[in-house]
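Whatever order the structure lists them in is the order used to number ligands and atoms, beginning at 1.
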Amino acid sequence: MTTRHFLSTQDWSRADLDALLAQAAAFKRTKAGRELAGKSIALLFFNPSMRTRTSFELGAFQLGGHAIVLAPGKDAWPIEFDVGAVMDGEAEEHVAEVARVLSRYVDLIGVRAFPKFQDWSVDREDRVIRTFAKYATVPVINMETITHPMQELAHILALQQHFGTSDLRGRKYVLTWTYHPKPLNTAVANSALQIATRYGMDVTLLCPTPDYVLDTRYMDFARANVAENGGSLSVSHDPDSAYRGAHVVYAKSWGALPYFGRWADEKPIRDAHKHFIVDERKMALTDGGVFSHCLPLRRNVKATDAVMDSPACIAIDEAENRLHVQKAVMAKLAS
Ligand code: CP
């Protein structure tokens with residue numbers, strides 16, 4: 001039997017996702033459970049985290065399980081991912097052994113591995129988590145690589161609970177690029193595009209120039225989701241027209257794909273679009289819209305204090321939901 005992983009929401013049916021969201025809502029009402037009693041999860045962090053680490057560890061504990069956190073290259077051996085590599089560099093062991101050994105110890109493996117930002121054609125292969133999934137004999141969960149599926153579920157649950165309905169069709173959804181002093185990965189933007197179209201919303205991707213449009217894989221997923229679930233997809237470079245009448249504004253900064261590996265060339269474009277900040281003036285153009293962000297967020301760079309502290313901001317609800325949706329995913333995969 002093949003092992004079922006959670007690498008992307010696109011691999012799971014709408015019925016599966018709806019069931020996970022229903023289970024997450026139930027966990028939100030009653031914290032404790034025994035779904036992971038006697039079970040364990042290894043959480044491998046190749047990059048920093050606050051929310052993901054806390055909510056996975058706590059979620060496993062609340063379901064009677066145990067989480068082991070590892071930072072390869074820091075408190076665990078550096079890992080090689082190339083098949084056939086002559087391992088005479090930094091790595092002390094190969095993912096083939098790491099994934100197989102961990103599979104003998106634990107029931108689930110979570111992996112956070114951001115792209116390297118030098119060559120998008122390499123990053124888009126998502127090699128770290130894909131090789132873990134290849135060699136592991138227990139389910140592997142994506143804790144953010146080139147997408148962030150746990151954030152997707154937490155985001156949709158927050159919207160459903162805010163609007164008081166599981167049906168988000170007809171909502172005008174703006175995924176807006178925001179300024180950040182450094183180029184960031186496209187994971188959350190890819191994810192927001194996927195999940196907003198999956199739930200049938202009318203989605204506008206708002207970004208500075210055509211260079212900031214997301215990878216064709218995610219644009220194609222979004223178009224396929226629209227064909228299957230209704231709603232629409234458009235691209236805009238005009239903040240005011242995109243915000244006008246919106247019900248949801250979701251913000252993220254990301255680096256333009258054509259500039260991967262030559263970020264100094266991208267910086268002048270980025271710096272010329274600081275006005276993409278989410279502020280009170282733009283939010284006033286919406287139709288009483290809500291604002292959210294995956295966090296962490298640089299205040300007064302990505303969004304103003306006034307927006308972050310307004311009743312329209314549901315970013316804290318979304319962050320809380322990470323705990324509930326991850327419990328639902330762990331319980332499902334470990335059952
Ligand atoms: N949103 C999110 O994944 O937060 P962390 O990077 O703190 O885990």
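Remark: minimum distance from atom 4 (O) of ligand 1 to any protein heavy atom is reached at Arg51 NE, 2.9 Å. Distance from atom 6 (O) of ligand 1 to its nearest protein heavy atom, with residue and atom name: Arg112 NH1, 2.9 Å. For atom 7 (O) of ligand 1, the nearest non-hydrogen atom of the protein is Met50 N, 2.7 Å.
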Run the ring pair (Phe, Tyr, Trp, His ring centres under 6.0 Å) test on His155 and Tyr199 for me, step by step, so that the C-alpha distance in whole Å, both residues' side-chain angles and the decisive distance to 0.1 Å come before the verdict. CA-CA 11 Å; His155 180 46; Tyr199 276 78; over 10 Å; no
Are Arg281 and Asp240 close enough, and set up right, to give a salt bridge (charged side-chain N to carboxylate O under 4.0 Å, His left out), and what steps lead you there? CA-CA 9 Å; Arg281 189 194 68 77; Asp240 282 15; 2.8 Å; yes
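Near Arg322, meaning under 4.0 Å from one of its heavy atoms, ligand 1 places the atoms 1 (N), 2 (C), 3 (O).
We find that Arg124 and Asp215 are joined by a salt bridge, their nearest charged nitrogen and carboxylate oxygen being less than 4.0 Å apart. Contact check on Asp309 versus Arg299 returns a salt bridge, with a Lys/Arg side-chain nitrogen under 4.0 Å from an Asp/Glu carboxylate oxygen.
Ligand 1 does not have Met143 within reach: every non-hydrogen atom of the residue lies 4.0 Å or more from it. In this structure, His148 has a heavy atom closer than 4.0 Å to ligand 1. In this structure, Arg53 falls outside the shell of residues with a heavy atom less than 4.0 angstrom from ligand 1.
At a cut-off of 3.5 Å, with distance as the only test, a side-chain donor of Thr186 or Asn190 sits close to an acceptor on the other residue.
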Taking only distance into account, with no hydrogens and no angle test, what donor-acceptor pairs under 3.5 Å do side-chain atoms of residues 253-260 form with protein atoms, sequence neighbours excluded?
from: Ser253; atom 1: OG; to: Thr178; atom 2: O; distance (Å): 2.6
from: Trp254; atom 1: NE1; to: Tyr212; atom 2: O; distance (Å): 2.8

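Here Leu295 has backbone heavy atoms under 4.0 Å from ligand 1, and that is the only part of it that gets that close. Contacts between Gln151 and ligand 1 below 4.0 angstrom, taking non-hydrogen atoms only, involve the side chain exclusively.
On a distance-only criterion, Pro48 and ligand 1 share no N/O pair closer than 3.5 Å.
No side-chain heavy atom of Thr286 sits less than 4.5 Å from a side-chain heavy atom of Phe291.
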